[in-house]
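Data block below; observations after.
All values reported here derive from a predicted model rather than from experimental measurement. Numbers restart at 1 for each chain; the letters A, B, ... are given by sequence-line order, proteins then strands.
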Protein chains: 2
Amino acid sequence: MRRGLMNCFFRPHGIAVIGASPQMRSIGRAITENLRNGKYPGSVYPVNPNHKRVLGLRCYASVKKIPYRVDAAVVAVPAKFVPGVVGECGEKGVKAVTIISAGFGEIGEKKLTGELRRVMGEYAGKMRVIGPNCLGILDTVSGVDVLFLPRSRLGRPGRGVVSFISQSGALGSAILDWDAMKGYGINKFISYGNAMDVDEADLVEYLGDDRSTKVVMAYLEGVRDGRKFFRIAKKVAGRKPVIAIKGGVTEGGARAAHSHTGSLAGAAEVYNAVFTQANIVRAVTMESAFDFARVFATEPRPKGKRVQVITDGGGYGVLATDAILQNGLELAKIKAKTKALIEKNSPEYAVVANPIDLTGDADKDRFEMAIRAVLADSNVDLVLLILLFQVPTLEKGVVESVYRTLKERKKPVVVMSAGGVYSERQRRRLEKRGISTFVSPFDAVRSLKALVDYYVGK
Amino acid sequence: MRRGLMNCFFRPHGIAVIGASPQMRSIGRAITENLRNGKYPGSVYPVNPNHKRVLGLRCYASVKKIPYRVDAAVVAVPAKFVPGVVGECGEKGVKAVTIISAGFGEIGEKKLTGELRRVMGEYAGKMRVIGPNCLGILDTVSGVDVLFLPRSRLGRPGRGVVSFISQSGALGSAILDWDAMKGYGINKFISYGNAMDVDEADLVEYLGDDRSTKVVMAYLEGVRDGRKFFRIAKKVAGRKPVIAIKGGVTEGGARAAHSHTGSLAGAAEVYNAVFTQANIVRAVTMESAFDFARVFATEPRPKGKRVQVITDGGGYGVLATDAILQNGLELAKIKAKTKALIEKNSPEYAVVANPIDLTGDADKDRFEMAIRAVLADSNVDLVLLILLFQVPTLEKGVVESVYRTLKERKKPVVVMSAGGVYSERQRRRLEKRGISTFVSPFDAVRSLKALVDYYVGK
């Protein structure tokens, strides 16, 4: 039953927009527009006593006046009206209410918060609430988009396998926007704000059961119920990677988090210990969290932590080696027969060790030969491929060749490629073919480390 | 005199391209093309006994046959011909020779290396040599461009104030290409390869004296003469920031560096100590080195390490606070009157502490008011401004408003702004106006830390 209610946030039969408005730049207009013009196939019901129609849709004076089934409502009215409106949702039988409106616990408003809590209590077990003070939900599978920011300001990513929850709306939206620009894709995005009812644990549990979500990512400032979160996160992390970014790990950061979402951020050590025990992948920056999510989405499970580097540029080979050792991974030692095979097929000046430096005149055939040899060597658990496209011997065919060689890979392989416009284009072509690429050797290695930590153990 | 010789690499009267060729995709063709079609205003003399003309230019059988003054030569012939050709350069009176050709110390080729050393010795004090096994030189001021990679593969950055030297050619070229795409600009780029004559210390010294270079950046694997480098780097760092990225800081990385450029990378601890003593700014990644270079180029000297954060999104405020404290910087405590002023001009729900959270409905006037108040507060040494452009209240005018407010700044201010296409456009507009921007709060704070380390001390 509880899960059934949660489902109504993401796959509702009918959505009411309470506070819908035709007024330019209003939140009520942005939400109505996003739902009407997006991919949500169900019915959208604007609710606002001051209007008969909003953006061509019939507008109702109250959610109770809608003569159809309404599973979900999104609430964007001034805070003082929220408790009443939520009560009406309860009477109507709405099962999933997302409250965008701010002006509750986050600004220390106790009276309104108490009223809202009382109303929500009346419908406990029959209605779930996300928010208040949140950005809303985006589900690229079902088409639900109740984010209150217009598409012109906040790009919507395409469909992906990573779902992302964020306590912070502004941070969540910036990341979503960035994700859209990068072309990475997302499955579900939920900004859950003050978490008066649905909290991080509920969402992680829901996404753990959601078959279209392969990787769960969370930005957390505080956790409402530590025990519950730990129990659920551990269970989910046993099935699929859970990546967490924790804000407020310093005393000052925790203070800032408290005045931001009213959450008690708590000691960094406690979180570190809990994350490790639950096998939650910890990311320090948002960028690294997305890096990790990409490799979890594309790469097979590694058997160990021995990394082989293949490069056409010595300098990056050196930096990659430093990064591997500094991250606690190991340099693979290829077998004698692998070494002999690669040496036989490379010019004399190539260095066949770790890194394997195929040197600046390497072409796609030399790369393909070396990659195949290394993939077949059981002394190698993961591969870092450094492709510098500046050299004229690396022609366009190299992307297809690398893709062909890696298509059926049984080991994680990531590609590092730095450069400008030409390189960037080749790198994006690899990304489109499901190969995770990086512009920095440190970022590439950090992602391999995340794979090893999750699958092999620290 | 020595400096006069060094000048001939960058502002030569006449350049000979030894090994020039009309053959498509040849190195000799790429160099001739880049020189002829670039901004170098002097004469270019192709040299190759097999051709009469190369790309429409008269081609000479030997550098000695050129009947004009030739200050510089770039050598791109097979290794075995290099000693002879360099000897001819000496006879002709060429003062600056850049040897692109590989096949010497880096592959353990002792005989040829010895021959080359002997020839170079004959002209000691009359000729300087960069290379062999290098990518060459790009000088955006004089127009000298002897890089052997075509512009279609390797973008050329515009003119800037940062000069960059790299032992590794592939790494250097990838970075140059990336820099061109980012639109950051460069002053001089030198890939110096095996450093048989001109080494990192000579180049740092030259760039230290070069008035158009404001920031010196170096990628180092090993250092040929530690004492000399330390003495010179310390002297230069007293005048302008010297940023160093050190490859081969782990045992494995040092081994890789040895087989790459034959350099002895040496213990990380030694380098760390030397860098600190010489006040060299240490960067771990190339990306952070360029971040540092940008803020050194745009920001005034900070007086202390107290950072004030101003944000319109609480989550990023939390992460920025964490980053400030984790980097050993301090959170500024604004004066009571500053706090009162900002509170008077902000809505009640704004949080005026550190971070100052102007909240998601902040417009440009609220930002401008808060920035001015903080800039005027002597309790604040540096400012981190977080601008999230997703919110509709931040209209286009904000870029102009921020620029106007920061134009005469006496304190370092950096901007952090994450997001997608729209944000990226605004961010780039700020960059063009000389304001350093970052997409991650961690990167922004790391750069403030570099400023503090260099100007205030660790």
Residue pair [X] / [Y]: nearest heavy atoms and the distance that separates them:
| X | Y | result |
| --- | --- | --- |
| B/A174 | A/A418 | CB-O, 3.6 Å |
| A/D177 | B/V421 | OD1-N, 4.3 Å |
| A/Y316 | B/A170 | CE1-O, 4.5 Å |

Rounded to the nearest 0.5 Å, what's the gap from [atom1] on [X] to [atom2] on [Y]? Could you check?
| X | Y | atom1 | atom2 | value |
| --- | --- | --- | --- | --- |
| B/L388 | A/I175 | CG | CD1 | 9.5 Å |
| A/Q390 | B/F148 | CD | CZ | 10.5 Å |
| A/M286 | B/F442 | CE | CZ | 10.0 Å |

Is it the case that atom CD in A/E251 sees more than 12 heavy atoms from other parts of the structure closer than 6.0 Å? no

Contact leader toward chain A among B/S423, B/G172, B/G252, where contacts are heavy-atom pairs under 4.5 Å: B/G252

Name the option with the most non-hydrogen atom pairs under 4.5 Å to chain A; the candidates are B/N354, B/I324, B/V284, B/T250. B/T250

Is there a side-chain contact between [X] and [Y] (heavy atoms, below 4.5 Å)?
| X | Y | answer |
| --- | --- | --- |
| B/T359 | A/E106 | no |
| B/S168 | A/V318 | no |
| A/Y219 | B/L319 | yes |

With a 4.5 Å cut-off on heavy-atom pairs, point out which of [options] contacts chain B the most.
| options | value |
| --- | --- |
| A/I107, A/D179, A/T285, A/L154 | A/T285 |
| A/P441, A/A102, A/G419 | A/G419 |
| A/T321, A/I27, A/L171 | A/L171 |
| A/K182, A/E424, A/R25 | A/R25 |

Measuring heavy-atom distances to chain A, does B/E287 have an atom under 4.5 Å in its side chain, in its backbone, in both, or in neither? side chain

Answer with side chain, backbone, both or neither: which region of B/E109 has an atom nearer than 4.5 Å to a non-hydrogen atom of chain A? neither

Can you tell which part of A/V309 gets under 4.5 Å to a heavy atom of chain B, answering side chain, backbone, both or neither? neither

Region of A/S152 in contact with chain B, defined by heavy-atom distances below 4.5 Å: backbone

Run the numbers on B/K246 and A/D322 for side chain to side chain contact (heavy atoms under 4.5 Å, CB included), then give the verdict. CA-CA 10 Å; B/K246 176 71 184 71; A/D322 282 342; over 6 Å; no

